[in-house]
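Structure first, commentary second.
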Amino acid sequence: MKKHSVAACALAAVGGASMAQSSVTLFGVLDTTVQHASQAGASVNRLLGTGGNQISRLGFRGTEDLGGGLAAGFVLDMGLNVDTGAGLPTSENNQVNAPVAGTTFNRRSTLSLSSRQLGEVRVGRDFVPTYWNITVFDPFGTAGAGSAANLAQGSLTRLSTVVTGLRASNSVGYFLPAMHGFYGQAMYAVGENVSPAAAGTRNDGNYAGARLGYAAGPLNVAAAYGTTSLASGDVSTGNLGASFTAGAFKLMAQFYRDAKEQVAAPSRSRGWLVGAQIEWGQGYFPVSYSQVQDNSPGERKAVQIALGYVHNLSKRTAVYTTYSRIQNRKGAAVSGGGVPSVANATWTGLDLGIRHIF
Amino acid sequence: MKKHSVAACALAAVGGASMAQSSVTLFGVLDTTVQHASQAGASVNRLLGTGGNQISRLGFRGTEDLGGGLAAGFVLDMGLNVDTGAGLPTSENNQVNAPVAGTTFNRRSTLSLSSRQLGEVRVGRDFVPTYWNITVFDPFGTAGAGSAANLAQGSLTRLSTVVTGLRASNSVGYFLPAMHGFYGQAMYAVGENVSPAAAGTRNDGNYAGARLGYAAGPLNVAAAYGTTSLASGDVSTGNLGASFTAGAFKLMAQFYRDAKEQVAAPSRSRGWLVGAQIEWGQGYFPVSYSQVQDNSPGERKAVQIALGYVHNLSKRTAVYTTYSRIQNRKGAAVSGGGVPSVANATWTGLDLGIRHIF
Amino acid sequence: MKKHSVAACALAAVGGASMAQSSVTLFGVLDTTVQHASQAGASVNRLLGTGGNQISRLGFRGTEDLGGGLAAGFVLDMGLNVDTGAGLPTSENNQVNAPVAGTTFNRRSTLSLSSRQLGEVRVGRDFVPTYWNITVFDPFGTAGAGSAANLAQGSLTRLSTVVTGLRASNSVGYFLPAMHGFYGQAMYAVGENVSPAAAGTRNDGNYAGARLGYAAGPLNVAAAYGTTSLASGDVSTGNLGASFTAGAFKLMAQFYRDAKEQVAAPSRSRGWLVGAQIEWGQGYFPVSYSQVQDNSPGERKAVQIALGYVHNLSKRTAVYTTYSRIQNRKGAAVSGGGVPSVANATWTGLDLGIRHIF
């Protein structure tokens with residue numbers, strides 16, 4: 001997302017201490033969509049408050065220039081369900097999500113030290129490196145009825161069984177400094193288990209992953225790989241994405257695979273997406289075709305076609321609509337939007353929404 | 001409440017994007033009261049942190065001028081228990097409240113598009129139209145020991161059995177533009193059930209309601225009607241309120257009825273209130289007389305007399321006291337303030353509090 | 001902590017009401033430490049997000065000058081687990097903590113009226129008077145592996161059995177005005193039980209305590225005493241602390257005792273600490289030696305030695321490290337950092353962290 005944001009003014013000290021100028025920035029996105037989803041005759045009408053174009057959030061962030069190219073910074077980013085005013089859960093151990101609907105800074109909660117020459121060290125809860133290619137190279141930005149995550153993190157994948165598919169708690173991350181178009185990051189996160197532990201549980205919830213990319217002119221390309229260690233079997237995922245901008249067309253593609261290994265019956269899935277954002281009038285059309293299949297005996301498979309239009313009322317505010325259809329084949333039962341999943345049935349989703357950035 | 005608030009300053013963009021000037025406003029009320037409540041010999045002393053004069057809250061809001069009379073706006077309004085620092089729960093399905101004490105934007109969480117000519121479309125969690133007459137035409141603003149809601153949403157009413165008496169989640173609302181003193185709104189909210197569903201549960205938690213009013217000079221009058229569909233039987237409510245300002249006297253009256261129908265044993269209740277806010281010195285006296293009764297065989301009935309004084313230390317800060325007495329008759333057992341209810345016993349509540357708006 | 005903070009700018013009114021200038025200040029601390037803790041062969045590596053140098057928080061506060069030396073003010077202070085983005089629980093009744101991981105203003109949620117001549121009345125949730133000496137006269141400020149609270153509120157003490165060791169909900173406090181170096185406060189908090197109640201439960205969760213101190217030039221000394229009434233037996237605690245600054249040395253000492261009385265088997269514990277903060281280069285060394293013992297037949301005893309270094313990158317940002325060792329004797333089993341406690345085993349903790357104030 002482009003970060004249009006609002007900064008608080010740096011003012012006087014409290015408590016008599018002399019102080020350097022500082023600033024805290026409030027930022028956020030509110031996005032709600034009226035969503036109609038149906039599959040095999042069952043349907044649900046919802047007001048989806050997490051967002052159909054960008055994920056709803058409220059955040060606080062700040063940076064401090066420490067001199068010599070060094071800076072400290074923080075981000076506290078709270079996911080919102082605008083439809084109910086509730087928040088979203090986080091995870092304490094990267095093994096299960098906490099059962100809480102109060103607000104938490106579940107999206108990101110990080111503290112950083114960064115250097116222009118040496119890069120950034122970032123600690124806290126953050127997006128995992130392996131998530132970025134799924135969302136950056138999705139014309140729908142993994143939001144709403146047409147999200148690439150419907151397949152890429154849906155029920156045919158191993159990623160649907162872990163809570164570290166998007167983010168990890170208890171993490172230490174490193175980000176490369178700007179280097180002639182190359183960019184990259186690595187993350188290690190822990191499940192905070194007691195050691196020695198029962199067999200297989202010592203690393204339960206640990207995550208390790210990295211991403212490397214190159215962006216220059218119209219081109220952006222990146223690859224990532226990561227593994228979550230779990231008592232129930234490690235889940236690894238790798239992906240590759242690229243975009244190329246030509247005039248009004250921003251073409252995108254991604255490929256991913258994931259696997260659950262070190263168990264009696266290893267399982268795998270793989271998928272890909274091609275799509276584009278096509279500028280038109282005051283907005284753009286996002287379109288995508290994607291598919292995923294697993295290694296089950298019948299090789300279950302799902303195919304998604306998604307088409308939308310985003311009409312910008314300003315740089316910060318847009319109305320949008322998305323139509324998405326998922327075809328389930330060979331026993332696949334991918335669903336969404338609160339509709340009970342039915343094998344081999346086609347799922348459709350329709351969004352009509354508003355998105356406002358502040 | 002008068003909205004005295006604080007705006008953050010619009011400053012520079014982040015991420016290199018050019019941006020329009022924007023603003024986020026922080027607002028809130030902290031109100032706490034030492035409350036002594038007693039009934040039938042039992043009593044409780046509490047520090048009530050939700051507020052005895054105005055309901056405690058912390059909020060964020062903003063608007064963006066889109067040109068041509070069009071604007072986008074949002075409100076995130078979090079209820080607070082100042083006595084404990086905890087928040088208040090919201091509802092995901094308008095059927096039950098979520099069991100959470102973490103902070104949520106339970107009071108209001110909305111995104112709007114509005115036009116000076118055509119009115120406002122508002123989506124998210126918001127107050128229901130049928131709530132406004134209860135609070136606007138109550139000299140105590142439905143806060144504290146003297147709240148009109150003690151009776152109007154108390155145990156003798158059908159409204160006490162729904163979570164949509166004050167607010168609804170998953171709602172789409174429409175507000176009339178300014179029209180020579182007329183004002184009005186309509187809301188439709190959904191329980192987000194799967195369809196087809198078990199008999200009677202398809203619309204479980206759906207709410208539909210509307211309000212129409214007229215305000216000019218010293219007069220303000222409004223009527224509202226709404227229904228919540230529930231698997232356990234639909235609950236509908238209608239009300240009518242008016243205020244008239246004459247010198248130091250602001251006279252208020254309201255009438256309401258509610259009913260649970262489409263069940264084996266339909267039940268109803270009705271009530272009314274007369275009261276006033278009387279300016280005096282640096283503050284005002286709120287006073288009210290109200291009663292409610294149901295259609296049970298004995299026609300249970302409760303009568304409340306409430307008297308208070310609000311002393312303004314400034315436009316934003318006040319100290320106040322309220323005395324309220326509820327007489328229960330013919331088997332009624334209305335109570336409050338954490339005291340166990342006892343049939344036919346008189347309840348008394350006494351507040352001594354501070355309210356601060358920011 | 002020194003309060004370096006950021007103020008929002010006071011801007012225009014909303015809603016057409018004339019308004020006085022006002023301000024809301026955002027403030028906070030993010031502090032995370034990679035902590036390795038071990039005892040008796042078991043160990044845990046964690047990213048500790050509550051803080052190893054100062055406790056992580058996000059807060060809002062404001063004051064209003066009411067004229068004549070009178071002011072109104074509020075503080076909403078939310079504890080943070082930066083490692084997960086979750087919040088910390090509060091207590092509704094001062095008897096047990098609520099089981100919630102959503103964010104709450106658990107650290108402080110208060111509304112105040114204060115006068116330069118008469119002092120301050122403060123209501124809401126606040127730190128108890130008996131907590132301050134433990135943290136103010138601890139070179140580690142009760143944060144991280146070297147915290148004085150490891151012993152002073154650890155498993156050998158009665159305070160480990162109450163939720164009012166740090167803070168109390170439902171409280172009314174009074175603070176002395178500035179008086180030639182003397183300072184003081186008293187607090188009364190209630191458990192909000194119904195009266196009459198089952199034997200012994202009427203005052204369950206009530207807290208009463210006071211603190212009196214004197215600070216002038218290099219000297220600061222204070223004493224405090226408080227009692228929490230509990231159905232399971234009242235827990236009282238008293239403590240005394242002092243600091244003296246001489247050049248680069250800030251020497252600190254504290255003594256405390258607590259007791260559980262009015263039960264069949266009364267129990268007691270007592271402890272003390274000596275330590276210092278020693279300025280060096282761009283930072284300081286915190287060091288402390290402390291011990292605690294109870295009145296069990298064997299007089300269980302634990303001794304902690306802690307040493308750290310805090311390196312200031314700026315007034316707001318520091319990196320730090322702490323090493324702490326707790327020796328358990330005569331059956332004591334004090335532990336920390338998520339490691340299961342083992343009697344008579346030595347616990348060690350090591351922090352490597354970053355702290356950022358905004």
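Proteins come first, then strands; the chains are lettered A, B, ... in the order of their sequence lines, and each starts at number 1.
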Given side chains that start at C-beta, do those of [X] and [Y] come closer than 4.5 Å, heavy atoms only?
| X | Y | result |
| --- | --- | --- |
| D83(A) | S169(B) | no |
| L58(A) | F105(B) | yes |
| L76(B) | L80(A) | yes |
| V194(B) | V339(A) | no |
| L26(A) | L26(B) | yes |

Using a 4.5 angstrom heavy-atom cutoff, name the option from G338(A), S43(A), G49(A), S56(A) with the most pairs to chain B.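 Of G338(A), S43(A), G49(A), S56(A), S43(A) has the most heavy-atom pairs under 4.5 Å with chain B.
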Chain B contacts, top residue of P340(A), A37(A), S314(A) (heavy-atom pairs, under 4.5 Å):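 Answer, by heavy-atom pair count under 4.5 Å with chain B: S314(A).
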Is a side-chain N or O of T104(B) found less than 3.5 angstrom from the main chain of A86(A), in a donor-acceptor match?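 Flag not set: sc T104(B) to bb A86(A) has no pair under 3.5 Å.
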Judged by atom type as modelled, is there a donor-acceptor pair below 3.5 Å linking the side chain of E192(B) to the main-chain atoms of L47(A)?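 Between the backbone of L47(A) and the side chain of E192(B) there is a qualifying donor-acceptor contact (under 3.5 Å).
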Distance, nearest 0.5 Å, that separates OG of S109(B) from CG of L30(A):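 Interatomic distance, S109(B) OG to L30(A) CG, rounded to 0.5 Å: 6.5 Å.
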Using 0.5 Å steps for rounding, measure from the OG1 atom of T32(A) to the CG atom of L111(B).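 Reported to 0.5 Å precision, the distance equals 4.5 Å.
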Pick from R108(B), M78(B), R125(B) with the largest number of heavy-atom pairs that fall under 4.5 Å of chain A: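 The residue among R108(B), M78(B), R125(B) with the greatest pair count is R125(B).
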For a side chain to side chain contact (heavy atoms under 4.5 Å, CB included) check, start with the C-alpha distance between V319(A) and L113(B), then their side-chain angles and the critical distance, and finish with the verdict. CA-CA 10 Å; V319(A) 291; L113(B) 277 182; 3.8 Å; yes
side-chain contact (heavy atoms from CB on, under 4.5 Å) involving I55(A) - partner list, sequence neighbours excluded: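 By the side-chain contact (heavy atoms from CB on, under 4.5 Å) rule, I55(A) matches R57(A), R107(A), A143(A).
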What closest approach, in Å, do P196(B) and A42(A) show between heavy atoms, and which atom pair accounts for it?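 Taking P196(B) first and A42(A) second, the nearest heavy atoms are CD-CA, 4.0 Å.
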Which pair of heavy atoms, one from N45(A) and one from V190(B), lies closest together, and at what distance?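 For N45(A) versus V190(B), the nearest heavy atoms are O-CG2, 4.0 Å.
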Tell me whether the rings of F74(B) and H356(A) are parallel (<30°), tilted (30 to 60°) or perpendicular (>60°).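 Answer is tilted, since the angle falls between 30° and 60°.
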Which atoms of N170(B) are under 4.5 Å from chain A, going by heavy atoms: the side chain, the backbone, both sets, or neither?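 Backbone plus side chain of N170(B), per the 4.5 Å heavy-atom cut-off to chain A.
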Given that the side chain runs from C-beta out, which part of S195(B) has a heavy atom under 4.5 Å from chain A: side chain, backbone, both or neither?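 Its backbone and side chain both get close to chain A.
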For a quick check under 3.5 Å, do T103(B) and T103(A) share a side-chain donor-acceptor pair by atom type?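 There is such a pair between these side chains.
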Going by distance alone, is a donor N or O of one side chain under 3.5 Å from an acceptor N or O of the other, for T317(A) and E64(B)?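 Indeed, the side chains of T317(A) and E64(B) share at least one donor-acceptor pair under 3.5 Å.
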